[in-house]
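A quick write-up on the structure given underneath.
Residues: numbered from 1 along the sequence shown. As the structure lists them, so they are numbered: ligands from 1, and atoms in each ligand from 1.
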Amino acid sequence: MTKEKKKKVFQLVKGMKDILPEDEKYWSAVWEVVENLALKYGFGRIETPVLEMADLFARGTGSTTDIVEKEMYSFVDQAGEKLALRPEGTPGAVRSYIEHGLINLPQPVKLFYFCSMFRHDKPQAGRYRQFSQVGFEVIGDPEPVIDAQLINLAYQIYTSFQLQPSVQVNSIGCLECRPAYEQALKEHFKKDRNKLSEISRERLSKNVMRILDSKEEEDQPSIAKAPQQMDFLCEACQKHFMQVLEYLDDLQVPYFLNSRIVRGLDYYTRTTYELWLGEEEAGRQSSLGGGGRYDGLVELLGGRPTPASGFAIGVERLILQLKEHDLKGKERRKPEVFVAQLGNEARRKALGLYEELFKAGVLPVESFSKSGLKPQLEIADRLKVPYTVILGQKEIIDGTVLLREMSGGIQEVVPFNKIVPEVLRRLGKAEIVYNEKSETR
Ligand code: HAM
């Protein structure tokens with residue numbers, strides 16, 4: 001090995017990121033909000049594998065979508081299977097629903113997940129190649145009230161943090177009424193073909209509705225004049241959409257009708273929506289979350305015809321917002337007592353005392369690999385613990401410990417068997433613990 005190779009310092013793979021302890025408070029806060037909302041609305045957690053058959057996404061998400069065509073990490077494994085790192089959560093959740101016969105449970109089945117996704121996208125702020133999504137899926141119910149409840153749930157994730165996203169809603173119809181709209185769009189955009197961007201010209205033959213989603217400057221005049229989906233919805237789709245909007249009014253979720261929310265995934269039917277930061281047109285990277293109804297997906301993936309609806313939000317994008325708005329997140333509990341020890345025997349006793357303190361509801365902290373008292377007290381100071389318990393040779397012989405109040409440096413001898421209640425008392429926790437005990441006696 002050359003000298004240079006030995007020195008190589010490894011770095012993150014492009015588009016990946018480390019989540020360091022300083023960000024833990026944000027991740028914990030998001031998790032807490034999501035878990036409480038899942039409980040409030042009766043969703044059960046599902047965790048599917050990161051690896052799935054690549055075909056699951058080709059068929060589910062859609063083989064001509066950007067996600068599958070350009071962004072999916074796929075490879076052939078040692079057994080010759082074509083696998084993919086999941087780029088999104090919905091196909092995996094549906095596969096699992098079919099595979100485990102969840103259709104036999106009372107319907108709908110309500111699932112939520114908090115998982116890593118992988119897309120070989122162009123990295124920038126808020127856009128990564130590995131990112132986390134929180135997703136909520138309701139499988140087995142065609143009713144518009146479900147869509148409205150899901151939009152309300154997505155909205156509440158943000159409002160729980162005092163963030164006010166704008167909800168952009170649309171209906172893209174069903175397999176019955178959409179072809180006529182697609183035909184009308186094709187005719188319209190064909191006329192403007194030469195003025196369209198290259199990507200939109202490509203979409204003209206592959207997936208004409210996606211042109212509506214284009215951010216390219218040159219596409220905007222033609223998009224502004226394009227036929228409106230609302231004029232093509234069949235009666236059933238119209239009724240469904242009106243009901244979704246009525247329920248949103250009842251739930252007091254403010255929304256904007258936006259005929260350009262067609263979404264970049266193939267499985268959507270009827271209701272589609274995105275949550276943005278403001279009313280203005282959002283670039284893809286600033287869309288906080290999105291979802292919609294996908295009534296055909298279960299059948300497409302081999303199950304019985306089963307209606308479904310869901311959404312996912314990007315956790316990193318939410319956390320960027322929390323930081324930008326200076327929202328604090330969930331602070332980690334602060335350590336309350338440092339357990340210091342001098343000598344091997346004291347260390348052995350300190351190990352047990354540490355466990356006892358924790359069991360009693362105190363958050364202890366230690367540095368058992370250190371042997372001198374000074375470095376241990378320095379750590380205790382740095383961690384700003386109010387108390388340190390010191391166990392030395394003398395204390396072991398006497399069956400005592402020293403309890404040091406860190407602010408004034410005052411130390412007191414306490415019998416070893418009284419130290420836990422004494423710490424609890426000093427921290428103002430004793431009463432709670434003892435009252436609870438006396439109540440249960
Ligand atoms: P999606 O719109 O592709 O939908 O992704 C949802 C959210 O994931 C986006 O709004 C964004 O916040 C976040 N996201 C997407 N790509 C990235 C990235 N490269 N870096 C960071 N965040 C990103 C879906 O994935 C559907 N499965 C949603 C759904 C669930 N529909 C029905 N059920």
Side-chain angles (χ1 to χ4, degrees), residues 14-17 19 30 43 46 48 52 56-57 60-62 65-68 70-73 85-97 108-139 141 146-147 149-151 153-155 157-158 163 165-168 170 172 210 213 261-277 282-298 300-301 307-322:
K14 194 173 171 197
M16 304 285 150
K17 63 184 181 322
I19 301 167
V30 174
F43 284 75
I46 183 167
T48 58
E52 295 274 3
L56 176 72
F57 303 106
T61 314
T65 57
D66 286 352
I67 293 177
V68 171
K70 301 179 188 155
E71 298 166 2
M72 195 158 77
Y73 283 90
L85 298 183
R86 66 173 164 226
E88 57 132 343
T90 312
V94 170
R95 176 203 47 72
S96 186
Y97 171 91
V109 173
K110 295 175 161 189
L111 307 168
F112 82 105
Y113 48 84
F114 193 131
C115 297
S116 291
M117 306 293 161
F118 301 82
R119 295 184 193 175
H120 197 273
D121 216 336
K122 210 161 144 206
Q124 52 179 264
R127 192 195 285 170
Y128 310 99
R129 291 183 174 170
Q130 177 178 345
F131 59 96
S132 292
Q133 274 187 353
V134 165
F136 283 81
E137 315 282 0
V138 178
I139 309 180
D141 198 315
I146 299 291
D147 302 5
Q149 281 183 303
L150 281 161
I151 294 172
L153 212 169
Y155 182 67
I157 295 180
Y158 300 98
L163 292 170
S166 80
V167 179
Q168 309 280 325
N170 190 24
I172 58 166
R210 286 297 311 283
D213 197 25
I261 301 295
V262 292
R263 311 276 297 131
L265 304 90
D266 274 0
Y267 46 66
Y268 291 112
T269 49
R270 295 191 163 168
T271 322
T272 49
Y273 49 93
E274 283 182 7
L275 289 99
W276 291 356
L277 285 177
R284 231 183 109 200
Q285 70 279 13
S286 54
S287 150
L288 295 172
R293 182 158 277 288
Y294 48 96
D295 289 341
L297 186 60
V298 179
L300 191 68
L301 296 180
S309 194
F311 73 86
I313 67 149
V315 181
E316 285 80 0
R317 289 186 192 177
L318 169 57
I319 289 177
L320 278 177
Q321 287 308 305
L322 298 185

[X] N/O under 3.5 Å from ligand 1 N/O:
X: L288; result: yes
X: S287; result: yes
X: E316; result: no

Is there a donor-acceptor pair under 3.5 Å between the side chain of [X] and the backbone N or O of [Y]?
X: Y273; Y: D147; result: no
X: T269; Y: D295; result: yes
X: R317; Y: G126; result: yes
X: R86; Y: M117; result: no

Using a strict cut-off of 4.0 Å, indicate which atoms of ligand 1 neighbour a heavy atom of [X].
X: Y268; answer: 26 (C), 28 (C), 29 (C), 31 (N), 32 (C)
X: D121; answer: 19 (N)
X: G291; answer: 31 (N)
X: F311; answer: 29 (C), 30 (C), 32 (C), 33 (N)
X: E88; answer: 25 (O), 26 (C), 27 (N)
X: A312; answer: 6 (C), 7 (C), 28 (C), 29 (C), 30 (C)
X: E137; answer: 30 (C), 32 (C), 33 (N)
X: G314; answer: 7 (C), 8 (O), 12 (O), 13 (C)

Nearest-option assignment for [atom], heavy atoms, candidates [options]:
atom: atom 3 (O) of ligand 1; options: R119, E274, R263; answer: R119
atom: atom 17 (C) of ligand 1; options: F131, Y294, Y267, W276; answer: F131
atom: atom 10 (O) of ligand 1; options: G289, G264, A125; answer: G289

- Are D141 and S309 side-chain neighbours, meaning at least one heavy-atom pair lies under 4.5 Å? no

- Relative to the ring of F43, is the ring of F136 parallel (under 30°), tilted (30 to 60°) or perpendicular (over 60°)? perpendicular

- Item | Pair listing, salt bridge (Lys or Arg N to Asp or Glu O under 4.0 Å) test, anchored in residues 87-96, at least two apart | E52-R95, R95-E99

- Applying a 4.0 Å heavy-atom criterion (strictly less than), which segment of Q133 is in contact with ligand 1: side chain, backbone, both, or neither? side chain

- Item | Side-chain donor-acceptor contact under 3.5 Å, T61 with Y267 | no

- Flag for Y158-Q321: side-chain donor and acceptor within less than 3.5 Å: no

